[in-house]
Protein chains: 2
Amino acid sequence: MKSVHKVLENPRGVLKNSTSRKPAQRRSADDRSADILAAARAVIAEQGYEKTLIADIARRAGVVDGTIYRYFENKRDLMVKVAEVWFGEQLLMDSHLDSIHGTQNKLRHLAWRTLSIVRREPVLARFMLMELRPDPNYRNSPFFEMNRKFTHEVLQVCRDAIASGEFVNDISPNMLRDMLHGCIEHRTWAFLRGEGDFDIDEVADGIAKLIYRGMLAQTPATRSDVEAAVARIEEVASKLERKLQS
Amino acid sequence: MKSVHKVLENPRGVLKNSTSRKPAQRRSADDRSADILAAARAVIAEQGYEKTLIADIARRAGVVDGTIYRYFENKRDLMVKVAEVWFGEQLLMDSHLDSIHGTQNKLRHLAWRTLSIVRREPVLARFMLMELRPDPNYRNSPFFEMNRKFTHEVLQVCRDAIASGEFVNDISPNMLRDMLHGCIEHRTWAFLRGEGDFDIDEVADGIAKLIYRGMLAQTPATRSDVEAAVARIEEVASKLERKLQS
DNA sequence: AACAAAAATGAAGTCAGTTCATAAAGTGCT
DNA sequence: AGCACTTTATGAACTGACTTCATTTTTGTT
């Protein structure tokens with residue numbers, strides 16, 4: 001049960017002395033909100049979100065701590081909104097998957113795309129991996145929706161390949177997606193921990209290759225296939241033989 | 001610049017009234033430490049480590065908040081030590097990989113083993129994924145050492161298979177390890193977020209199957225291989241035929 | 001100009017982790 | 001047993017961060 005400030009008779013005001021307040025720098029609500037978001041992003045980019053204080057953001061935005069709470073529920077809400085804009089920008093940089101042909105190339109491209117976002121914006125990547133995804137209501141967050149696009153593309157490539165008979169159908173597309181994303185994330189963590197850099201092309205290539213090969217439909221040849229082949233050979237041979245005799 | 005308590009003249013003592021202190025319950029240092037660890041683990045298991053307060057742990061252990069700091073550097077240090085013991089127990093439950101034959105079976109077992117730890121101890125799994133692994137000096141932590149065993153086994157299985165010619169050698173063993181661990185982690189996250197349960201056997205089987213096939217050097221002859229062989233024979237035959245006619 | 005509504009302020013509140021002077025308990029020596 | 005000394009436990013106070021809200025300032029309207 002939290003104590004409520006409302007009914008107390010001016011608990012803060014009574015102690016106030018005559019310190020003159022600065023005039024409020026008024027701006028439109030949208031501008032203010034954008035200012036704070038921009039300031040937050042700048043501070044986060046500089047020092048990492050974990051070391052970022054509300055006070056830092058407020059100073060940078062030219063406002064006072066309390067003002068931030070007029071525009072954002074709390075610190076986390078602000079952080080999430082920052083990441084939302086930031087991540088949105090990254091998604092716009094996407095190149096079109098449609099123009100790429102071949103299942104393996106598509107897989108490679110999907111891996112490559114995510115890895116290149118990680119490389120471009122490690123702080124954002126870290127924030128998403130550490131804060132956003134573990135969140136219990138991640139599935140209802142705007143990020144889940146944004147990520148759906150990625151996920152959907154992977155699943156589509158996989159389903160197409162299964163439908164065309166290129167891929168086996170005894171492994172679920174979801175499994176393939178988990179492998180693709182999981183492997184990328186594993187690599188991302190190592191990168192974010194600073195365990196040396198990684199070659200985007202090499203990693204993307206390896207992932208795509210392994211998955212592609214693993215999923216490739218390989219109907220084993222049956223005995224009758226071989227018998228048919230032998231029969232055909234004998235047929236050809238005897239035809240030649242006849243020709244030789246004539 | 002932090003203010004220092006030392007030189008101030010008894011800043012806390014002066015205000016103390018005559019409240020009598022409880023007699024100190026003295027125990028050996030090792031016991032005390034173990035008590036606190038056990039209490040911490042119990043509380044964490046109950047409410048998740050994120051909601052666990054030092055005060056909760058202290059109450060449970062029958063000591064006072066400050067006492068904890070005689071045995072542990074800080075909250076994080078305590079948490080890490082708890083996880084260390086906890087994880088160690090899980091590792092002891094390992095079954096022997098040696099008794100399992102066949103590369104694919106070994107891969108399946110490795111996946112299965114990790115997944116079953118996750119299933120048994122979701123709170124521990126969450127703690128390790130969220131707190132321990134992201135840590136910048138994870139590589140120097142006891143956990144990294146403990147995990148080395150897992151990692152080492154995966155790499156060994158892979159290297160053996162490459163050496164024997166069973167696996168191709170154009171994909172690095174590290175990549176395979178990343179895929180295995182990454183996929184497991186991805187699945188783990190979904191599980192920890194409560195997005196429905198998962199079937200350990202099914203997941204382990206899928207992972208092993210996909211990786212095994214993807215790495216396999218000797219692909220079995222397919223129907224199309226046989227067809228290609230027949231086509232080649234016909235080509236040779238017709239060439240011969242042309243020669244005969246001339 | 002007067003009034004009302006909206007925005008900004010910043011001192012104070014809150015909450016958790018952490019510190020440290022002090023009290024209590026144990027230990028060893030005479 | 002008595003005394004000095006060391007170790008352990010205590011918990012009030014400190015700290016540093018997020019958050020609240022009565023008050024002040026600005027803006028918009030009549």
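Throughout, a chain's letter reflects where its sequence line sits, starting with A, and its residues are numbered from 1.
Near DNA chain D, defined here as any heavy-atom distance below 4.0 Å, the residues from residues 45-56 of chain A are T52(A), L53(A), I54(A), listed numerically.
With respect to D135(B) and R76(B), a salt bridge is recorded, a charged nitrogen being found less than 4.0 Å from a carboxylate O. Residues E131(B) and R126(B) are not paired through a salt bridge, judged by the lack of any N-O separation under 4.0 Å between the basic side chain and the carboxylate. D197(A) has a carboxylate O that lies under 4.0 Å from a charged side-chain N of R119(A), or vice versa, which qualifies the two as a salt bridge. A salt bridge does not link R148(B) to E153(B): none of the charged nitrogens lies less than 4.0 Å from a carboxylate oxygen. Using a 4.0 Å cut-off between charged side-chain N and carboxylate O, R60(B) and E46(B) make a salt bridge. The pair E89(A)-R41(A) meets the salt-bridge criterion, since a charged nitrogen lies less than 4.0 angstrom from a carboxylate oxygen.
Following rounding to the nearest Å, F72(A) (CZ) and dC18(D) (P) show an atom-to-atom distance of 15 Å. If you take CD1 of I68(A) and C1' of dA8(C), they are 12 Å apart, rounded to a whole angstrom. With rounding to whole Å, I57(B) atom CD1 is found 14 Å from dT18(C) atom C1'. Taking atom CD1 of residue I36(A) and atom P of nucleotide dA7(C), one finds them 12 Å apart after rounding to whole Å. Distance M79(A) CE to dT19(D) C1': 15 Å, rounded to the nearest Å. Here the P atom of nucleotide dT8(D) and the CG atom of D35(B) are 14 Å apart, to the nearest Å. Regarding D65(B), its CG atom lies at a distance of 14 Å from the C1' atom of dC20(C), rounded to whole Å. As rounded to whole Å, 15 Å separates atom C1' of dA6(C) from atom CG of D31(A).
Closest to the R32(B) side chain, of the nucleotides dA9(D), dA8(C), dT19(D), is dA9(D). Looking at the side chain of T67(A), the nearest of the listed nucleotides dT10(D), dT18(C), dT9(C) is dT9(C). Nearest nucleotide to the side chain of K75(A), out of dG11(D), dT9(C), dA17(D): dA17(D).
Phosphate contact (OP1/OP2 of dT9(C), side-chain N/O of Y69(A), threshold under 4.0 Å): absent.
The side-chain tip of R113(A) points at the ring of F150(A) from less than 6.0 angstrom away and within 45° of straight on.
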